[in-house]
Q: 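Attaching a single structure in structure tokens format; questions to follow.
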Amino acid sequence: PEATESSAAAVAADSARVGRSEAAISASAGPAQASECELAAVTSVAFAWQNLDYGAVAASPELSRMLMREVQVELAERAGISAAGVDVELGPGSVSVFCTIRSRDLLAAEEVDSRLQRDSSGLLGKLEERLLLLPGIRDAMLSPSGFGASGFR
């Protein structure tokens with residue numbers, strides 16, 4: 001994860017820098033409120049689900065929505081914030097996950113970053129447990145051996 005000071009323009013630039021593609025599927029809490037455009041900091045998180053077929057996930061809007069929601073809720077719980085403060089996008093590359101966690105200031109963003117770094121393997125393990133319960137997730141696996149996350153940053 002990476003905590004940075006930002007404005008709405010910097011958040012957009014940071015999103016482009018992380019390499020989010022136009023083909024990505026995204027979920028957020030909804031339209032930005034005026035106060036959200038003035039947020040001082042964000043924490044960016046990215047990782048990839050290995051052995052999960054992006055095409056199959058993208059072909060199922062319901063599965064995509066549920067997967068993004070599980071990531072959103074788990075990250076919010078780990079960060080100690082509301083799920084409304086977490087945006088999630090999915091992209092190709094097995095299934096690449098890009099998240100933006102909005103914070104009120106740089107100090108809060110650094111605390112979120114620290115929490116996520118301290119327990120990144122626990123976070124990914126818990127997400128795997130949650131995702132295995134989703135209807136249709138096994139149909140999106142490339143092999144029956146399961147899936148796992150890698151490249152947490």
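In this chain, numbering begins with 1 at the start of the sequence shown. Note that the structure is predicted; figures quoted are calculated from it, not measured.
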Q: Just how far is it from atom CG of Leu106 to atom CD of Glu110, taken to the nearest 0.5 Å?
A: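 Interatomic distance, Leu106 CG to Glu110 CD, rounded to 0.5 Å: 4.0 Å.
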Q: Using atom types as modelled and distance alone, determine if a side-chain donor or acceptor of Arg115 lies under 3.5 Å from a backbone N or O of Ala79.
A: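 It does hold such a pair.
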Q: About how many Å separate CD of Glu89 and SG of Cys99, when rounded to the nearest 0.5 Å?
A: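 Separation between the atoms: 9.0 Å.
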Q: Filter on ring pair (Phe, Tyr, Trp, His ring centres under 6.0 Å), then keep only pairs touching residues 129-151, sequence neighbours left out; what's left?
A: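 Found Trp49-Phe147.
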Q: Group every Ile, Leu, Val, Met, Phe, Trp and Tyr by side-chain heavy-atom contacts under 4.5 Å, then state whether Phe98 and Val73 land in the same group.
A: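 No; tracing contacts between hydrophobic side chains, which count when under 4.5 Å, never links both residues.
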Q: Would Met68 end up clustered with Phe152 when hydrophobic side chains under 4.5 Å apart are linked, directly or stepwise?
A: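 Looking at the clustering, Phe152 is in the same group as Met68.
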Q: Please tabulate, one pair per line, all N/O donor-acceptor pairs under 3.5 Å involving side-chain atoms of residues 131-141, not counting sequence neighbours.
A:
none

Q: Which distance, rounded to the nearest 0.5 Å, do you find between the OG of Ser103 and the CG of Asp113?
A: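 Output value for this atom pair is 9.5 Å.
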Q: Please list, chain by chain and in numerical order, all residues satisfying salt bridge (charged side-chain N to carboxylate O under 4.0 Å, His left out) with Asp119, sequence neighbours excluded.
A: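 With neighbours one apart ignored, the set is Arg78.
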Q: For Val88 and Arg69: C-alpha separation, side-chain torsions, deciding distance, then whether side chain to side chain contact (heavy atoms under 4.5 Å, CB included) applies.
A: CA-CA 8 Å; Val88 179; Arg69 181 66 183 163; over 6 Å; no
Q: Could you tell me which non-hydrogen atom of Ala48 sits nearest to which non-hydrogen atom of Gly93, and how far apart they are?
A: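 In terms of heavy atoms, the two residues are closest at CB-O, 4.1 Å.
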Q: List the residues meeting salt bridge (charged side-chain N to carboxylate O under 4.0 Å, His left out) with Glu128, not counting sequence neighbours, and say none if there are none.
A: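 If we apply the salt bridge (charged side-chain N to carboxylate O under 4.0 Å, His left out) test to Glu128, skipping adjacent residues, there are no hits.
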Q: As an exercise, state the distance from CG of Leu67 to CD of Gln72, rounded to the nearest 0.5 Å.
A: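 Taking CG in Leu67 and CD in Gln72, the distance rounds to 11.5 Å.
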Q: So, using side-chain hydrogen bond (donor to acceptor under 3.5 Å, both in side chains) as the criterion, who are the partners of Ser143 when residues are at least two apart?
A: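 side-chain hydrogen bond (donor to acceptor under 3.5 Å, both in side chains) check on Ser143 returns Asn51, Ser145.
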Q: If only atom types and distance count, is the side chain of Thr100 paired as donor or acceptor with the main-chain N or O of Ser44 below 3.5 Å?
A: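 Pair absent, no side-chain N/O of Thr100 close to backbone of Ser44.
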Q: Excluding sequence neighbours, so at least two apart, what forms salt bridge (charged side-chain N to carboxylate O under 4.0 Å, His left out) with Arg130?
A: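 Counting only residues at least two positions away or on another chain, Arg130 forms a salt bridge (charged side-chain N to carboxylate O under 4.0 Å, His left out) with Glu70, Glu74, Glu77.
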Q: Roughly how far, to the nearest 0.5 Å, is the CD1 atom of Ile101 from the CD1 atom of Ile81?
A: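 If we round to the nearest 0.5 Å, Ile81:CD1 and Ile101:CD1 are 5.5 Å apart.
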Q: Closest heavy-atom contact between Phe47 and Val71?
A: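 Smallest heavy-atom distance, with atoms named: CZ-CG1, 4.4 Å.
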Q: For Ser60, give me all partners under side-chain contact (heavy atoms from CB on, under 4.5 Å), at least two apart in sequence or on another chain.
A: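 Counting only residues at least two positions away or on another chain, Ser60 forms a side-chain contact (heavy atoms from CB on, under 4.5 Å) with Glu62, Leu63.
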Q: Go through the structure and list residues passing side-chain hydrogen bond (donor to acceptor under 3.5 Å, both in side chains) with Ser114, not counting sequence neighbours.
A: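 Only Arg118 meet the side-chain hydrogen bond (donor to acceptor under 3.5 Å, both in side chains) criterion with Ser114.
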Q: How long is the gap from OG on Ser121 to CG on Leu123, to the nearest 0.5 Å?
A: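 Nearest 0.5 Å value for the OG-CG distance: 9.0 Å.
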